[in-house]
Each structure stands twice: as structure tokens, then as C-alpha cells.
Amino acid sequence: MKHQAQGFMPNLGARHGRGRLMLIIFVSATIFAVLCLASLLVSILNQTAGYVLLEYENPEAEVLPLDEEGRPLPIASLSADQLAQVLTEHISARRLHALAQGSVLTERPRRELEELVVAEVLVPDVIKTWTFFDSLFARKAIFEEAGEISDEGFLTFRFWLNPKFMSQAQSSEALYAGVRSATLGSFMTILLTILVAFPLGVGAAVYLEEYAKDNAFNRVIQTNIYNLAGVPSIIYGMLGLGIFVRALEPLTSGALLGFAEAGNGRTILSASLTLALLILPIIIINAQEALRAVPRSFRESGYALGATRWQVIWHHVLPASMDRILTGTVLALSRAVGETAPLVVVGASTFLSKDPTSIFSKFTTLPIQIYQWTARPQTEFRNIAAAAIVVLMVLLLSLNASAIFFRNKFRKEKRLG
């Protein structure tokens with residue numbers, strides 16, 4: 001024993017040294033990952049606010065009332081009647097009727113009239129934008145540069161992520177573009193995806209883990225599920241195009257049920273079914289691992305009391321594993337929310353000003369919207385793309401928080417039980 005201890009002590013020190021080295025590597029990797037994520041988040045938020053150099057296509061002196069010295073009156077000083085008169089004089093009757101929406105212009109809120117004058121009469125154009133940090137730390141240089149770029153332009157500090165950005169539909173002008181339609185499309189698509197994929201995935205996992213026998217046929221199924229989890233998402237998009245958009249067009253367009261909003265199969269239903277196929281293998285694999293982690297004694301105790309196999313699964317196995325199943329669902333959901341390639345193939349619109357009203361409507365999503373804006377050469381579209389990224393992250397975190405809430409609820413009930 002003494003000789004064994006003498007030979008063991010040097011090895012113990014070396015192993016402790018290797019353990020400390022690996023600990024340093026793990027901590028360094030964690031810190032590096034956190035710094036990368038933080039820098040990414042800061043770079044996104046940096047684009048969501050800052051100074052904007054604007055210039056009116058129609059000079060104020062040509063459209064606004066003048067004072068006694070011949071200078072245009074500030075738009076903020078004009079009354080509602082004066083603003084309505086400016087709109088009447090410089091907008092066509094057809095456009096004016098569309099803006100009035102069946103009401104009298106003078107009865108509209110003054111703030112709304114002011115915004116209409118700016119948007120429809122003065123028509124601002126973005127000359128250049130600056131980031132939040134530049135606007136914060138290089139304000140003087142920005143004003144000097146703006147004076148050199150444009151004599152008639154003016155600087156304004158703008159938060160691109162604002163309530164109007166959330167409530168407005170898509171527009172070809174970055175100043176008036178919003179993510180209302182894309183947010184609704186993303187929410188409806190993901191919600192329907194969960195409703196389809198979650199029960200199918202858990203049901204398949206229960207069968208494979210609790211009912212299926214260990215034979216060649218079931219082993220082939222299991223192997224293919226693992227393979228499908230690694231298939232590129234664009235392949236699922238092609239599958240969705242061939243099956244849901246074309247082969248099942250009467251169903252996915254709504255024509256079979258009396259709905260014909262889209263006129264073809266490029267609808268929210270087709271996109272949701274495609275995403276459901278995409279995340280189904282992930283849900284099945286995670287659910288199987290969760291079911292496998294439940295001790296065998298849970299099942300045997302139920303059988304000993306005379307319960308059937310289904311009663312044991314429903315009342316014991318599923319409640320005991322539901323927290324792990326929901327964790328896997330959160331991971332699958334996170335992948336589905338950010339997918340772009342399969343939705344492009346299925347037929348998501350890159351420009352859609354009409355809100356989706358049902359699962360048979362044409363649609364666009366936040367990732368599609370972000371992709372479309374970042375592809376444009378104008379810098380202001382990168383600003384609203386960054387704002388849309390923040391909206392997407394908030395939507396993803398909200399959905400994940402809901403799943404985590406239910407997961408913790410199941411864990412608490414399991415501990416109390």
C-alpha cells in the first residue's frame with residue numbers, strides 16, 4: 001500500500017494540473033462567447049438610433065405660409081386649419097380623399113395633420129445617417145459634415161425603433177416603413193408550427209420509446225430521424241414547395257374550405273407545415289432523451305398497482321419528463337423563428353403591405369423582412385433592419401420565456417408530487 005501511495009501522489013499532482021488547465025480553457029471560452037454575443041448586441045443597438053440628415057424635396061418656402069418678412073412659418077406653429085389648407089392646395093383630389101378616409105381634414109388631430117404635411121407635401125429624403133455612438137461622441141463633427149453635405153438639409157435625432165415602427169406596414173421609404181405585417185406573420189407562422197409539431201413530435205417519441213420493439217424496421221426509422229435532424233433547411237423548403245404549395249394547393253390556399261385569400265398555396269399554412277417538418281426530428285430526439293431519463297421504477301410502480309401502459313405513460317412518464325421535453329421544444333422553436341431559406345422557397349413575400357388575417361393569407365416574416373432591408377444599398381434601411389432584429393429577438397425571447405414558464409411549472413409540480 002505504501003509503494004502504491006508513493007506512485008500515486010505524483011500522478012495526482014499532474015492530474016490536478018491538467019484539471020486546472022482545462023478549467024482555464026473552459027472559463028476563457030465562456031468569456032469569449034459572452035463577449036462575442038455582447039459585441040453583436042451592441043453593434044445592433046448602435047444602428048437603432050442616431051442623427052439623420054434630411055432634406056425636403058419641396059422647400060418649405062414653396063408650400064408653407066409665409067410671415068411678413070417672406071420667410072416660411074415653422075410647421076409647428078401652424079394651426080389645424082392652416083395645415084389642412086396646405087394639404088388641400090398641394091395634394092391631388094384623389095390622394096386627398098384617400099388620406100381623409102371619409103372624414104373632414106380639420107377634424108383630424110393636429111399632430112396627424114402635421115405628419116401628413118411633412119410626408120405628403122414636404123416629402124423628406126434621407127441624405128445620410130449616423131450611428132448612436134457617433135451621434136453621442138462626435139456630435140460636433142457630425143454637424144460640420146452635415147453642413148458640408150447639404151445647405152438645405154437639417155439634422156434630427158431619430159430612434160428607428162419606435163411605436164410607429166411597430167404599428168406601420170411595410171413601405172418603400174425607410175422613414176415610414178414598419179414591421180406590423182412581418183410581426184403578425186412571424187407570430188402566426190410560429191404559433192401554427194408549434195401546434196402541429198409539438199403533439200406529433202411527442203407522440204412519435206412516446207411510440208418509439210415506449211411501444212416500438214427493437215427490430216430492424218424501427219431501427220431504420222430511428223436512424224432516419226437522426227439523419228433528418230441534420231438535413232439543410234433549404235431541402236425542407238423544396239419539400240414544402242412540392243407538397244404543400246403545389247400538391248396540396250386546394251387545401252393550403254383555403255379554396256377547399258371556401259377561403260381564397262391568396263389564390264395559391266403560398267400561405268401561412270404552407271410555411272407552418274414546412275417549419276413543422278423542419279423541427280419535428282429535433283423535438284422527437286429531445287423528447288426520446290427526456291422519456292429515457294425517467295427511471296424505470298416509475299413505470300414498474302405503476303404496473304404494480306394495476307395501471308395500463310398508457311395510464312403509466314400519461315400519469316407518470318410524461319409529467320416526469322415534460323420539463324425536459326419543453327427544453328428541447330424551446331431549442332427547436334429558436335431554430336424555426338430565425339429560418340429564412342425554406343420560407344423563401346415556399347413563397348414568403350419580400351414586400352407585403354397587407355396584414356395576414358388567417359392561415360390562408362399571403363405572408364412575410366421578420367427574417368425575410370430583415371434580409372430584404374439589408375440587401376438594399378441605402379444606409380437607412382440598415383437602421384430599420386437593426387430595429388427589426390431587436391423586434392425579432394424580443395419575439396423569440398417572449399416565446400422562449402413562455403416555454404420556460406411552463407417547463408418550470410412542470411418541474412415544480414413534479415417536486416411537489
Side-chain angles (χ1 to χ4, degrees), residues 47-101 105-106 108-132 134-135 138-165 167-179 351 353 373 376-387:
Q47 294 285 339
T48 60
Y51 276 112
V52 181
L53 178 61
L54 299 174
E55 185 176 312
Y56 291 136
E57 292 185 7
N58 300 316
E60 294 177 286
E62 297 180 3
V63 297
L64 298 181
L66 305 178
D67 58 13
E68 296 178 354
E69 299 180 359
R71 295 175 298 184
L73 293 171
I75 192 171
S77 65
L78 300 180
S79 64
D81 292 335
Q82 290 175 310
L83 293 171
Q85 183 178 359
V86 172
L87 288 170
T88 305
E89 292 176 353
H90 296 89
I91 296 180
S92 64
R94 183 177 180 180
R95 180 60 177 165
L96 191 63
H97 178 74
L99 293 174
Q101 298 178 351
L105 281 177
T106 53
R108 306 281 285 274
R110 187 198 170 281
R111 179 66 179 173
E112 188 176 336
L113 291 174
E114 184 177 332
E115 292 174 354
L116 286 175
V117 169
V118 173
E120 300 290 335
V121 180
L122 294 175
V123 190
D125 187 26
V126 178
I127 306 301
K128 188 175 181 179
T129 65
W130 288 267
T131 63
F132 176 75
D134 289 340
S135 303
R139 186 172 180 271
K140 183 178 179 181
I142 289 175
F143 274 81
E144 293 177 354
E145 184 180 357
E148 296 175 356
I149 294 175
S150 175
D151 295 331
E152 298 180 354
F154 61 96
L155 280 171
T156 179
F157 191 89
R158 182 181 180 89
F159 289 95
W160 296 94
L161 182 58
N162 53 61
K164 285 193 173 182
F165 180 73
S167 61
Q168 289 176 333
Q170 192 173 357
S171 172
S172 58
E173 298 290 336
L175 291 174
Y176 307 108
V179 291
F351 186 91
S353 58
W373 281 338
R376 296 200 176 191
Q378 298 90 339
T379 57
E380 60 266 27
F381 281 99
R382 290 197 290 272
N383 294 112
I384 60 175

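Note that the coordinates shown come from a computational prediction; the quantities given were computed from them, not determined experimentally. Scope of the values below: all heavy atoms of this structure, side chains included, with no hydrogens, waters or symmetry mates.
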>> Below 30° counts as parallel, above 60° as perpendicular, anything between as tilted: where do the rings of Tyr51 and Phe143 land?
In response: perpendicular

> Ignoring hydrogens and geometry, is there a side-chain-to-backbone donor-acceptor pair from Arg158 to Leu175 under 3.5 Å?
Replying inline: yes

> Closest heavy-atom contact between Ala177 and Phe165?
Replying inline: O-CD1, 3.4 Å

> Closest approach of Trp160 and Ala174, non-hydrogen atoms and distance?
Replying inline: CZ3-O, 4.1 Å

>> Could you report the tightest heavy-atom contact between Phe157 and Ser135, atom names first, then the distance?
In response: CE1-CB, 3.8 Å

> If you look at every heavy atom in Gln47 and Asn383, which pair is closest and at what distance?
Replying inline: O-ND2, 2.7 Å

> Between the main-chain N or O of Tyr56 and the side-chain N or O of Asp125, is there a donor-acceptor pair closer than 3.5 Å?
Replying inline: no

> Which heavy atom in Asp134 sits nearest to a heavy atom in Ile142, and how many Å separate them?
Replying inline: O-CD1, 3.4 Å

> Do you know the tightest heavy-atom contact between Arg376 and Phe381?
Replying inline: NH1-CZ, 2.9 Å

> CD of Glu120 to CG of Leu113: how many Å apart, nearest 0.5 Å?
Replying inline: 12.0 Å

> Does a side-chain heavy-atom distance below 4.5 Å link Glu114 with Leu83?
Replying inline: yes

>> If you define the side chain from C-beta out and look only at heavy atoms, does anything of Phe154 sit under 4.5 Å from Val52?
In response: no

